[in-house]
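Read the numbers this way: they start at 1 and go in the same order the structure lists the ligands and their atoms.
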Amino acid sequence: MRQVYVNGDYLPETEARISVFDRGFLFADGVYEVTLVLDRKLVDFAGHMRRLRHSLGELDMAFALTNEKLLDIHRELIRRNDIEEGLVYLQVTRGAADRDFLFPADATPRTVVVFTQKKSLVDSPLAERGLHVITVEDLRWRRCDIKTVQLLYPSMAKMEAKSRGADDAWMVRDGFVTEGSSNNAYMVTLEGTVVTRDLSTDILRGITREAVLQCAQDLQLRIEERPFTVEEVENAAEAFSTSSSGLVSPVVRINERVVGKGTPGPMAARLRQLYLERSRASAI
Ligand code: PDD
């Protein structure tokens with residue numbers, strides 16, 4: 001049975017317990033990270049820890065565990081659960097306190113949960129076919145730079161996509177794409193420029209985004225970090241999304257419009273390839 005980590009203990013998943021008063025459960029008062037595992041090693045662990053500290057800091061959540069300790073926990077779970085390829089999920093909540101909107105004064109201990117998911121992510125039939133995405137109004141709160149566990153709206157957006165026979169949803173605010181429901185969004189113009197929204201509180205600072213933009217730069221592609229409209233994507237040469245679980249995923253249809261030739265584009269393929277090579281080489 002899968003082993004999980006909860007507040008210092010490694011336990012079978014059926015024996016792990018957290019309080020009904022946990023603020024993560026009652027208020028979504030918690031943050032998380034999802035780290036890619038390739039060849040039993042963690043991809044860009046340092047980047048995920050940097051963003052975790054940003055999320056914790058923005059929510060005034062002091063947190064005692066060091067990155068070294070968190071790395072040990074991640075590695076131990078990869079070992080115990082025999083994860084060759086997949087994901088490690090880490091969640092930190094403000095912990096348990098009697099229900100009150102105000103943060104508890106003695107804001108420790110935190111609840112720390114870590115679990116693994118064994119998944120085949122590199123060989124992905126969906127990435128080979130290319131994704132059909134729909135667009136939905138971005139109705140999330142305005143601090144999308146904080147990776148909180150408040151994921152109901154993205155979950156609803158993915159259900160809407162599924163009910164319309166699509167694979168994912170991209171969020172749109174004021175006519176401009178912000179990001180995917182659980183990934184960053186890109187298009188490639190007819191001139192070959194890679195366009196993705198600039199960093200702000202409107203989107204999550206994707207760890208994969210950073211790595212893929214570095215790949216694009218090293219391939220000497222033109223990059224523009226700016227908002228783009230749905231109409232621009234519809235008329236683009238290519239589109240794709242990036243995330244720790246989807247890596248680089250080509251998008252071939254947006255709503256009812258085919259993007260480019262309607263098959264995964266060469267730019268997305270090159271970026272996926274290079275991203276994978278580099279990730280395998282630098283994983284720890
Ligand atoms: N989601 N934007 C949003 C809203 C996300 O939820 C994610 C990640 C990303 C991409 O970030 P990164 O490249 O660091 O994975 C962008 C994770 C995978 C999830 O919720 O499962």
Side-chain angles (χ1 to χ4, degrees), residues 24 28 30-38 42-55 58 74 85-92 113-119 121-122 124 126-127 131 133 135-161 167-173 176-186 194 196-216 225 227 239-249 251 268 271-272 274-276 278-279 282-283:
V31 299
Y32 75 109
E33 283 296 330
V34 178
T35 304
L36 170 64
V37 178
L38 294 177
L42 294 153
V43 174
D44 218 336
F45 184 75
H48 286 284
M49 290 304 103
R50 223 177 301 125
R51 188 172 62 193
L52 174 70
R53 304 290 162 185
H54 168 77
S55 298
E58 292 302 299
H74 278 61
E85 190 174 311
L87 303 167
V88 183
Y89 177 96
L90 159 71
Q91 177 168 330
V92 182
V113 169
V114 188
F115 61 78
T116 55
Q117 290 180 296
K118 199 177 268 201
K119 279 186 184 200
L121 301 167
V122 177
S124 156
L126 204 56
L131 276 68
V133 303
T135 56
V136 297
E137 187 67 24
D138 192 342
L139 296 179
R140 299 173 301 167
W141 78 328
R142 302 297 292 267
R143 288 306 306 274
C144 299
D145 58 310
I146 310 173
K147 199 163 173 57
T148 76
V149 296
Q150 216 187 142
L151 296 175
L152 187 55
Y153 189 67
S155 185
M156 289 169 75
K158 281 190 196 284
M159 288 308 294
E160 169 77 13
D167 306 302
D168 198 6
W170 280 11
M171 311 264 178
V172 176
R173 182 177 298 145
F176 292 91
V177 174
T178 50
E179 60 184 333
S181 57
S182 62
N183 43 64
N184 291 112
Y186 306 72
V194 177
T196 193
R197 197 177 175 104
D198 49 307
L199 294 176
S200 71
T201 50
D202 291 344
I203 65 166
L204 188 72
R205 183 185 194 121
I207 304 306
T208 320
R209 177 188 185 278
E210 205 167 313
V212 167
L213 286 182
Q214 188 61 54
C215 292
E225 293 182 61
F240 61 91
S241 62
T242 67
S243 71
S244 301
S245 51
L247 319 175
V248 177
S249 294
V251 169
L271 289 169
R272 185 180 172 95
L274 183 57
Y275 170 71
L276 264 170
R278 289 186 173 182
S279 297
S282 63

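The heavy atom nearest to atom 15 (O) of ligand 1, considering only Ser244, Ser241, Gly246, is found in Ser244. When the heavy-atom distances from atom 9 (C) of ligand 1 to Ile203, Asn183, Leu247 are ranked, the shortest goes to Asn183. Between atom 6 (O) of ligand 1 and the options Ser182, Ala211, Ala185, Gly47, the minimum heavy-atom separation is to Ser182.
Every atom of ligand 1 with a heavy atom of Ser245 under 4.0 Å away is listed here by number and element: 18 (C). Numbered from 1 in the order shown, with element, the atoms of ligand 1 that lie under 4.0 Å from a heavy atom of Gly206 read 11 (O), 12 (P), 13 (O), 14 (O). Those atoms of ligand 1 with a heavy atom of Arg140 less than 4.0 angstrom away are 4 (C). Close approach of ligand 1 to Val34 is summarised as follows: ligand atoms under 4.0 Å from at least one heavy atom of the residue are 19 (C), 21 (O). Of all the atoms in ligand 1, the ones that sit under 4.0 Å from a non-hydrogen atom of Asn184 are 10 (C), 16 (C). Heavy-atom contacts of Arg51 reach the following atoms of ligand 1: 11 (O), 12 (P), 14 (O) (cutoff under 4.0 Å).
Distance check: Gln150 CD to Trp141 CH2 gives 5.5 Å after rounding to the nearest 0.5 Å. Taking NE2 of His48 as the start and OH of Tyr32 as the end, the distance is 11.0 Å to the nearest 0.5 Å.
Looking only at protein heavy atoms, the nearest one to atom 17 (C) of ligand 1 is Lys147 NZ, 3.4 Å. Nearest protein heavy-atom neighbour of atom 19 (C) of ligand 1: Tyr32 OH, 3.7 Å. Closest to atom 2 (N) of ligand 1, if we only count protein heavy atoms, is Glu179 OE1, 2.7 Å. Counting only heavy atoms of the protein, atom 13 (O) of ligand 1 lies nearest to Thr208 OG1, 2.6 Å.
Not a single heavy atom of Tyr89 sits less than 4.0 Å from an atom of ligand 1.
Formation of a donor-acceptor pair under 3.5 Å by the Arg272 side chain with backbone atoms of Val122 is found in this model.
When each of Arg140, Arg143, Arg173 is checked for a salt bridge (charged side-chain N to carboxylate O under 4.0 Å, His left out) with Asp202, only Arg173 meets the rule.
For Arg278, the CZ atom is densely surrounded, since the number of other residues' heavy atoms within 6.0 Å is greater than 12.
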Q: List the steps, then state whether side chain to side chain donor-acceptor pair (under 3.5 Å) holds for Ser182 with Lys158.
A: CA-CA 9 Å; Ser182 62; Lys158 281 190 196 284; 2.9 Å; yes
Q: Kindly indicate, with the supporting measurements, whether the criterion side chain to side chain donor-acceptor pair (under 3.5 Å) is fulfilled by Ser241 and Asn184.
A: CA-CA 5 Å; Ser241 62; Asn184 291 112; over 6 Å; no
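A 4.5 Å side-chain heavy-atom check between Arg197 and Phe176 finds at least one atom pair inside the cut-off. A 4.5 Å side-chain heavy-atom check between Tyr186 and Val251 finds every atom pair outside the cut-off.
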